[in-house]
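Read the numbers this way: they start at 1 and go in the same order the structure lists the ligands and their atoms.
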Amino acid sequence: MMTGIAASDGIAIGKVLLLKKEIPVIMRTVISDSEIKPHIKVLEDAIEKSIFQLKNIQSDSDPEMIKILDSHIMMLEDIEFLNEIRLKIEEGKQDAVSAADETIRFFADMFRGMKNEYMKERSEDITDIGYRLIMNMLGREIHSLRSIKEPVVIVAHDITPSDTAQMKKNLVLGFLTDIGGRTSHAAIMARSLEIPAVLGLGNISSLVQDGDTLCFDGAEGTIIINPDPKTIQKYSKKNLQLQKEKDLLCIFKDHSSISADGHRVQICANIGIPSDAKRADEYGAEGIGLYRTEFLYMDRAGFPSEDEQFEAYKIVLETMGNRPVIIRTLDIGGDKNLPYLSIPEEANPFLGYRAMRIFLDRPEIFKVQLRALLRASIYGKLRIMYPMISCVEEVRAANLILEECIQELDAEGIKYCSEFEKGIMIEIPSAAIAADLIADEVDFFSIGTNDLIQYTCAVDRMNEKIAGLYNPFNPAVLRLIKNVIDVAHDNGIWCGMCGETAGDSRLIPLYLGMGLDEFSMSASSMLRARKLISRLSYEKMRLMSEKVLKIKTSDDIKFFIAQNSISENPL
Ligand code: PEP
Ligand code: MG
């Protein structure tokens with residue numbers, strides 16, 4: 001058995017299709033003056049051909065893939081990139097292929113050397129574009145996943161964005177790679193296509209051959225090569241079981257979320273890209289509890305325009321119709337960097353210049369997003385949410401800028417819906433403690449436990465060494481959550497939660513008892529959560545939550561909740 005990075009849930013059992021890439025051997029040669037022109041022509045023709053091929057792949061890709069491939073086309077059209085190659089040919093008298101190869105490697109290495117995980121993984125995109133360009137310069141054929149005829153498990157050193165764009169969900173049972181992490185495009189696309197995937201396996205592509213059998217569990221990251229019949233049976237059984245659970249949960253799709261004794265809550269979805277809204281809808285979301293807009297800003301050379309943002313927000317609002325959509329304003333910084341923002345390196349980026357701190361410092365970029373949001377508001381039920389709020393002054397300053405945008409749109413005669421709600425994420429302890437001082441300024445709170453836990457317990461959420469201390473059962477965290485919910489209700493506003501723990505079946509009974517109004521989680525967790533809530537008594541959970549807040553240790557809290565609710569097996 002091998003273990004890798006669990007990138008996308010699901011069981012896959014099938015024959016291997018090894019995705020081999022021809023690695024061309026490139027020799028640097030010196031060219032004469034008369035050869036310069038023909039070499040420039042080779043470069044230009046290959047760029048044209050590559051763009052043509054990418055546009056062709058885009059023609060039957062989903063919107064997110066179209067966006068990724070757009071960024072590839074943009075790079076092929078990038079003047080700086082092209083000039084770099086031309087310079088090598090014209091002044092360095094270098095042949096076109098090696099000039100392109102060196103330039104691609106230079107840019108890929110530059111990205112790979114960046115500290116930020118997300119930027120590191122963008123080096124894969126550069127290598128992907130470069131490979132296409134070089135193969136076209138050499139007049140060689142590029143493999144295509146479109147020609148797959150029977151269901152297979154794809155194994156590759158790496159899966160590129162253009163590979164995923166060509167995958168057909170019914171023929172690709174799953175995929176495994178040597179490299180890649182949870183935030184690589186391959187992982188993001190696997191989750192969005194609901195194809196099981198395990199990445200970062202090291203050398204899987206040299207351990208298996210075409211026709212080998214593989215079975216793997218994408219939720220656990222475990223893989224078995226050429227399993228015996230008993231193992232295949234075990235995985236098939238688990239797969240059937242998962243499928244059965246999924247099917248059984250379908251009956252909860254059109255239900256509202258009500259406890260056994262009639263207490264109503266909302267179960268909503270967290271999304272990252274506009275096309276996720278469709279999936280959320282298919283899984284019966286009562287709304288979008290968190291649309292992380294960061295993806296719109298990433299993987300590009302500059303800020304997205306107001307029109308571009310407007311189009312993305314409009315898609316989500318239209319998909320959800322009259323159900324609420326919380327769109328969070330840009331939460332950049334920490335582990336998410338935008339190179340074009342040129343933020344100097346900081347000793348403590350999670351405590352640094354990020355999110356609202358950047359926007360309040362540079363209102364001109366904040367206003368572009370707010371205007372796009374306001375314009376999109378006529379297409380659905382918009383809720384605007386500010387992240388990383390630490391005090392009332394920040395909320396007031398953000399609301400003032402929002403007010404300015406409203407006045408601008410009024411003056412320009414641009415339509416918007418004035419009935420949108422505005423709220424904040426409670427993810428910094430100072431905001432959780434002083435929530436009563438902030439409540440007046442907003443229509444709702446949404447608790448971001450991912451950050452609230454890290455800041456309350458002083459535990460870096462990215463550091464595996466101290467992962468044991470990152471504990472959602474910590475009594476201090478639970479007391480803060482309870483305070484925020486109570487303060488919201490005392491002030492006549494509602495309180496949701498969009499951190500990962502909102503979908504944790506061990507904690508849902510407690511949060512329900514504490515009075516949480518809205519639970520926002522990944523789309524695939526929603527039906528399970530709705531079923532669990534339907535089996536719980538709100539009144540009993542309320543009494544249980546009062547007792548929990550007096551327990552001293554997280555282990556005792558965990559045990560007490562498990563004993564006093566039915567969370568042990570929600571199905
Ligand atoms: C959170 O902090 O809980 C949250 C939902 O935001 P993010 O994970 O994007 O920081
Ligand atoms: Mg957060």
Peer 1: Could you tell me if S377 and Y313 have a donor-acceptor pair between their side chains, going purely by distance under 3.5 Å?
Peer 2: no
Peer 1: Under 3.5 Å, is there a donor on one side chain and an acceptor on the other for T553 and D556?
Peer 2: yes
Peer 1: Is the contact between R328 and ligand 1 made by the side chain, the backbone, both, or neither, using heavy atoms and a 4.0 Å cut-off?
Peer 2: side chain
Peer 1: My understanding is that only residues two or more places apart in sequence, or in another chain, count here; which of them pass side-chain contact (heavy atoms from CB on, under 4.5 Å) with I493?
Peer 2: A439, V442, F445, A488
Peer 1: Would you say E294 touches ligand 1, if touching means a heavy atom closer than 4.0 Å?
Peer 2: no
Peer 1: Heavy-atom distances under 4.0 Å decide this one: backbone, side chain, both or neither, for T449 against ligand 1?
Peer 2: backbone
Peer 1: Which atoms of the protein, restricted to N, O or S, are nearer than 2.8 Å to the Mg ion (ligand 2)?
Peer 2: E427 OE1, D451 OD2
Peer 1: Would you check if there is a donor-acceptor pair between the side chains of D460 and Y470 at a distance under 3.5 Å?
Peer 2: no
Peer 1: By number and element, which atoms of ligand 1 are closer than 4.0 Å to a non-hydrogen atom of C498?
Peer 2: 5 (C)
Peer 1: Considering all heavy atoms of both residues, which atom of G284 and which atom of R530 are nearest to each other, and what is their separation?
Peer 2: O-NH2, 2.7 Å
Peer 1: State the atoms of ligand 1, each with its element, that fall below the 4.0 Å cut-off from a heavy-atom position in L290.
Peer 2: 5 (C)
Peer 1: Taking 4.0 Å as the limit for heavy-atom contacts, which would you say applies to E500 with ligand 1: side chain only, backbone only, both, or neither?
Peer 2: neither
Peer 1: Among all protein heavy atoms, pick out the one at the shortest distance from atom 7 (P) of ligand 1; state its residue, atom name and that distance to 0.1 Å.
Peer 2: R292 NH2, 3.5 Å
Peer 1: Can a side-chain donor-acceptor contact be found between S305 and Q309 if the only test is distance below 3.5 angstrom?
Peer 2: no
Peer 1: Measure from NZ or CZ of K531 to the centre of the six-membered ring of F252 and say whether it is under 6.0 Å with the direction within 45° of the ring axis.
Peer 2: no
Peer 1: Under 6.0 Å from the ring centre and within 45 degrees of the ring axis: does the NZ or CZ of R375 meet both conditions for the six-membered ring of F310?
Peer 2: yes
Peer 1: Could you tell me the residue and atom name of the protein heavy atom closest to atom 1 (C) of ligand 1, and the distance to it rounded to 0.1 Å?
Peer 2: N450 CB, 3.3 Å
Peer 1: Between E194 and K246, does any NZ, NE, NH1 or NH2 come within less than 4.0 Å of an OD or OE carboxylate oxygen?
Peer 2: yes
